[in-house]
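Just dropping this structure here.
Order of the sequence lines sets the chain letters (A, B, ...), proteins ahead of strands, with each chain counted from 1.
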Amino acid sequence: MPLIEFEEGTSFMHKLDPLSKLGWSFVVLVWLLAMRDPVPVLALGLLVIAVGRLGGGLSAIELLLTTAKLSVIALPIVLIQALLYPGQTALAAGPFGPITREGISFGLAIALRIVGVVAASTIVFKTTDPRDLVYGLHRHLHIPYRFAYIIFAGLRFIPLMQYEAATIREAQTVRGVYLARSPSLLDRLRALPSKPLQWKTFLVMLIANGLRHVPASTIALEVRGFGLHSHRTFYREHRVDRRGPIFALAWLAAMVAYLVLTGTSLMRSVQSTL
Amino acid sequence: MESAAEASSQSSGLGRLGFRPWTTRDLVTIALLIAVGGVFKGYWGGVRLALESSLGPLFTGWIIGAGFSLFGVLPLLIIPKTGVATVSMVAGSVIELAVGNPFGVEVFVFNFWEGLGPDIILALFYLANGGQTPVLGWKFAILAGIASTSLGAPYTLVTRGITALMRNFEGYGQYAVWLFLANRVLGGVICGAAGLALANSLRTMGVIGREEGYRVVTS
Amino acid sequence: MLEAERLSYWFPSRASTPVEPKGMEAPPIERAALKEISVRFQPGEFVLVVGPSGCGKSTFIQALLGVVPALTGGTVAGRVRLDGEEVLARGLAGVAGKVGLVLQDPESQLTNLDVEGEVVFGPENLGLPREEIARRLDWSLTVAGIGPLRNRFVYALSGGQKQRVAIAAGLAMRPRVLLLDSPTSNLDPIGGEETLKAIVDLWRGGAVELIVMAAHKIDDVLPVATRLLVMSEGRIILDGPPESILTQHLLALRDELGIFVPELCELAVLLNAGQGQPINVDGTAAALRERVRVGLALPVEGAASSTPTAARQALPLTGGPPAVEVADLHFAYEPGLPVLNGVSLSIERGQFVALLGQNGTGKTTLAKNIAGLYRPTGGTIRVGGVETTSSATYLRSGKVGYVFQYPDHQFVALTVADELAYGLRARAIPEPEVAKRVALMLELFKLSAHRDAPPYGLSMGEKRRLSVATMLVLRPDVLILDEPTTGQDRHNTVALMEVLRQEARERGMTIIQITHDMEQAAEYADRVMVMDGGRIVFDGTIEALFADAELLEQCHLKPTPTSSVCRLAWPELQMAPATPGRLAQLLPSLTFPLPE
Ligand SMILES: Nc1ncnc2c1ncn2[C@@H]1O[C@H](COP(=O)(O)OP(=O)(O)OP(=O)(O)O)[C@@H](O)[C@H]1O
Ligand SMILES: Nc1ncnc2c1ncn2[C@@H]1O[C@H](COP(=O)(O)OP(=O)(O)OP(=O)(O)O)[C@@H](O)[C@H]1O
Ligand SMILES: [Mg+2]
Ligand SMILES: [Mg+2]
């Protein structure tokens, strides 16, 4: 079970510092949000994938597949925009007014943003060791270590909770909370009203089993001097690579240049969606 | 001991808004709730994909949103300290991304709003209670739920182009927007009710309760 | 160096409206979890703390370093001193770096992502220089024997490895005192052995000055321990050298207090062996040989009479189909990685079967297949002659009950009574019948007093009983229990097993119990099956299993001490008795010539 996205490596993206990479992914997000045409949106998405392939040594196919999974959510957006968007160039008659070229184009632009957004964050987290991220948050964003540590602890507990969730589901199945394997459609429909209660039973027990670990974990932390002193050593070596900020700033500059050159004002872009 | 610390933190401005020092126990609880939330959202993401692919986002947002916002309201019902929800949600999004959340960096944005909303409501409850720890019942839960699902609405309205539909007045554009907003509010109510029901069950079970100081006596 | 003086402690009241007296007045001592404990530990001691479940072992250990009351709240009286310095008054800041603590649950106490991060966590918090941390890291990994695990993520380690990481993490603080709270009771035998070995090595190597360890089963640490504390209801009732306490108070400890005493001690007492000498297999075997040689009858009234001795005959065959019949069962969680490789077995009605085998061989997987939780990839399962693999309603029928290892996972309701009624209501049993059956179960499992309490708040032993009761109330034909007694004291274990045995006898319920506890299997099972590599490799009596040295080796199983002693005493004996009770039964009638 590969829990954490991160994969060891020595690529360019691996060497950059986590905060610069996060900054970069936000630049990508803003850039994508500023654009309203599907073609440049898709182009930027592909460019991001190229960064992942060339700069991070990641598989372009996998990155594309990851984003493709979300088409389930993207398609309805295209559909709604196509049906409802007040465009000029009517292509066909729809139930709520004409279906326009602008509506489809706008819907596609929104949907295709997913490619860049998802690819960028996948690249960041596949090339970033969470330990470096926590360190970066503490050292450079001056987030107190106690808070930055929450991220560690949360990651540590995720596999535990996955195990507990699976076990609780099985145990509750034996208790008769859920239907037998492969029930008929009719059975499933009949069981629909009891669904909320099932989710509640599941969640209550999952949370209770999760919080059961609180006392022992608290003890384990405090006994080892967690939060005792304001000063703390960091044993792990943390490389500082100047290229990180340069990379992020270069992208920022590129975005500004693009927006200026194409005359896309961020404000106008927002207004136009209003 | 505890009451002295409480008294001093109440007098300061931030204390009146419910900002309190966080104990190690609080931090561990938050971490575990994040992990529980992360795993739950994994299951819930499956429900979301199933529902949205069959019924579409405009008709399922009320139930889907409630599931995600739940983890913005629940931490406050367990640890009533302002800031807990925002920190839970933002730290939670880092963790979700690190284990492969399929929605990308936008979860930062969503989670931030979904946590900030309940925190604002909690701060208001503290203020109304003169800086004393308020009793958090259904009023708080529902308001916090609505705040959680609704604070991020403008962002989604704009970036998903739903407001753009507003101009389609001859058509049905405005209905899409109203439907969207109604979804959010209904989702908030459901989220608050669910959060309160969960917290009450956990309290009955003795899993959560008040944290206390100790005292030394001579025997 | 470490001492407690008239230490008393009261947990905060669980009632929502506390009625505790305020101020300096102590609450009544009967309600205290620790009652006026005075004890002094010297450098060089290895102290074992034993006592029945809920006697206050964990509370005591935690009070020794100030976790109680600093993190638990409540009321405390008396003092704890470490090198003359007050511990209780200073909270945890006073002991950080001086006392290491290892807890029972390997999962909760590891709070970092990777092994290295976990071990350096404490020294980092103390703000030590990097070079010093590096030194300590290397040293603690070596001492705990986990050097190769250094760069692994903690979640992917086995239970025993996790506990050793916890030990290393404690050691990295360079504590003078190491406190261990039941460090092996959640582990399987191999994990437990690994952990104990690390502790014993540490002790022998002199890495810490004082070790205090609470435990339920002390067989394996007995040879190194220098002192034994016996606790009961919050008090220390016995304190002294382990072997003399155990041999002098054996029956009282075992039958009245209800704790596990090492089986070897039981034998030694039974045989009146080597007074004052260290208790080991060789000495005990010699004593046994001597006993029988001079023709003395054994003092049967002691150990033998109170050990429940199973009448091992199965129920008279009913002529009906077998209760469980599995044929050529295959199963894989992931394609290409088979876990079950053609399991075949057949179990008669009313049999009590122990399913043994080392970790990861597929015992749980097999049991969950029988329970209908998984869909096999090949083969068939029949319960009471009916094929289950094709029946969608099988799971709901409640024919097969399944008790999970941790009761907490299985609870679904907010009160004990509702918990018991849940399965019945889910199966639409009429309400009067539900009430009747629930009352019966509450009675049988001595849970009546807790009928309206939340299951979650029960003690571990009560939770365990409740989780079994929630299955028995459905009157299943077959009950599967997955390691139902880990971390339980003897009293709870015996009580549970007796109820099960009675159900098997009276209703003909078939029991399949997965266990790593050979003594328990020997005591209660009519028949044992051993799994290895996804197959059943042995099926027969436990005596026959213990006679097959090769198989034991292959499957990492260890015979009971009684079996080992008897084997050593009479190598030519075909089927050595496996429990002290059976040895005692056997001995008077033993007629074959004995070796000289
Ligand atoms: N948080 C708590 N609040 C109230 N009572 C508690 C709490 N924790 C434990 N107790 C009670 O205090 C007593 C001592 O518990 P403790 O955990 O020290 O026992 P133990 O000897 O370690 O048992 P075990 O062998 O099961 O681990 C028990 O009666 C238990 O029910
Ligand atoms: N949910 C799962 N997904 C994938 N593999 C699993 C899963 N559960 C168990 N396994 C694997 O299947 C094998 C058999 O596991 P199982 O739990 O049945 O062993 P076991 O004999 O019960 O061991 P133990 O004594 O440790 O309980 C192991 O290699 C384990 O890693
Ligand atoms: Mg204990
Ligand atoms: Mg198992």
- Measure across C:T59 and C:V68 and return the closest heavy-atom pair with its distance rounded to 0.1 Å.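 That would be O-CG2, 4.0 Å.
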- Measure A:T201 against the heavy atoms of chain C and call it side chain, backbone, both or neither at under 4.5 Å.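 Contact with chain C: side chain only.
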- Message: If I measure from the heavy atoms of chain C, does A:I168 come under 4.5 Å with its side chain, its backbone, both, or neither?
- Response: both
- Message: For chain C, which candidate among A:H231, A:R156, A:R131 shows the most heavy-atom pairs at distances under 4.5 Å?
- Response: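 Among A:H231, A:R156, A:R131, the one with the most close pairs to chain C is A:R156.
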- Message: If I measure from the heavy atoms of chain A, does C:A134 come under 4.5 Å with its side chain, its backbone, both, or neither?
- Response: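 The answer is both parts of C:A134.
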- Query: Given that the side chain runs from C-beta out, which part of A:L228 has a heavy atom under 4.5 Å from chain C: side chain, backbone, both or neither?
  - Reply: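 When you check distances to chain C, only side chain atoms of A:L228 fall under 4.5 Å.
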- Task: Could you list the residues that satisfy ring-ring contact (aromatic ring centres under 6.0 Å, His included) with C:F153, not counting sequence neighbours?
- Result: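 Expected list: C:Y155.
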- Item | side chain to side chain contact (heavy atoms under 4.5 Å, CB included) between A:F226 and A:R146, intermediate numbers included | CA-CA 8 Å; A:F226 178 71; A:R146 277 163 63 84; 3.8 Å; yes
- Sequence neighbours excluded, which residues qualify as salt bridge (Lys or Arg N to Asp or Glu O under 4.0 Å) partners of C:R135? C:E132
- Let me know if A:P215 has heavy atoms under 4.5 Å from chain C in its side chain, its backbone, both or neither.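 For A:P215, neither part sits under 4.5 Å from chain C.
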- Query: Less than 4.0 Å between a side-chain N and a carboxylate O, is that true for A:D132 and A:R236?
  - Reply: yes
- Query: With a 4.5 angstrom heavy-atom cut-off, which part of C:A169 approaches chain A: side chain, backbone, both or neither?
  - Reply: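 Both backbone and side chain.
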- Using the six-membered ring wherever Trp is involved, compare the ring planes of A:H138 and A:F234 and label them parallel, tilted or perpendicular (cut-offs 30° and 60°).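 Tilted: the ring planes of A:H138 and A:F234 meet at 30° to 60°.
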- Query: Is a salt bridge present between A:E164 and A:R169, judged by a nitrogen-to-oxygen distance below 4.0 Å?
  - Reply: no
- Message: As an exercise: rank C:Q62, C:Q109, C:M173, C:E334 by heavy-atom pairs under 4.5 Å with chain A and give me the winner.
- Response: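 Going by pairs under 4.5 Å, I would pick C:M173.
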- Could you give me the CA-CA distance, side-chain angles and deciding distance for A:L137 and A:F147, then say whether side chain to side chain contact (heavy atoms under 4.5 Å, CB included) is met? CA-CA 10 Å; A:L137 289 173; A:F147 294 106; over 6 Å; no
- Query: Which heavy atom in C:L171 sits nearest to a heavy atom in C:S140, and how many Å separate them?
  - Reply: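 In this case the closest contact between C:L171 and C:S140 is CB-CB, 4.0 Å.
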- Query: Does anything in residues 115-125 of chain C get under 4.5 Å of chain A by heavy atoms, and if so which residues?
  - Reply: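 Result: C:E116, C:E118, C:V120, C:F121, C:G122, C:E124, C:N125.
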- Task: Could you check whether the rings of A:Y149 and A:F152 sit parallel, tilted or perpendicular, using 30° and 60° as the cut-offs?
- Result: perpendicular
- Of all of C:Y456, C:Y402, C:F411, C:Y406, which one pairs up most often with chain A through heavy atoms under 4.5 Å apart?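 Result: the option with the highest number of such pairs is C:Y456.
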- Item | For chain A, the option from C:V99, C:L110, C:D181 that forms the most heavy-atom pairs under 4.5 Å |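 That would be C:L110.
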- Task: Starting from the C-alpha separation in whole Å, work towards a yes-or-no answer on side chain to side chain contact (heavy atoms under 4.5 Å, CB included) for C:L420 and C:L466.
- Result: CA-CA 8 Å; C:L420 286 168; C:L466 177 59; 3.9 Å; yes
- For chain C, which residues of residues 8-28 of chain A have heavy atoms nearer than 4.5 angstrom: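 Residues of residues 8-28 of chain A touching chain C at under 4.5 Å: none.
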- Winner by heavy-atom pair count (cut-off under 4.5 Å) against chain C, out of A:N209, A:L206, A:I158, A:L160: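 Most heavy-atom pairs within the cutoff with chain C belong to A:N209.
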- Hey, would you say the A:F6 and A:F125 ring centroids sit under 6.0 Å apart?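 No - the distance between ring centres of A:F6 and A:F125 does not fall below the 6.0 Å cut-off.
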- Item | Part of A:Y145 within contact of chain C (heavy atom distance under 4.5 Å) | side chain
- In terms of heavy-atom contacts, A:V48 and A:G116 come closest through CG1-O, 4.0 Å
- Counting heavy-atom pairs under 4.5 Å with chain A, the top scorer among C:V95, C:D114, C:V102 is C:D114
- Would C:V165 and C:L157 satisfy side chain to side chain contact (heavy atoms under 4.5 Å, CB included), going step by step from the backbone distance to the final call? CA-CA 9 Å; C:V165 173; C:L157 302 178; 3.7 Å; yes
- Would you indicate whether the side-chain heavy atoms of C:D418 and C:T415 approach each other to under 4.5 Å? yes
- Message: Give me the atom names and distance for the closest heavy-atom approach of C:L103 to C:L101.
- Response: CD2-CD2, 3.8 Å
- Task: Pick whichever of A:Q172, A:R224, A:H229 has the most heavy-atom pairs under 4.5 Å with chain C.
- Result: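 The option with the most such pairs is A:R224.
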- Message: Within the 3.5 Å criterion, strictly below it, is a donor on C:E107 or A:H213 matched to an acceptor on the partner's side chain?
- Response: no
- Query: C:D105, C:L414, C:V412, C:L126: which one forms the most heavy-atom pairs within less than 4.5 Å of chain A?
  - Reply: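 Top count of heavy-atom pairs under 4.5 Å with chain A: C:V412.
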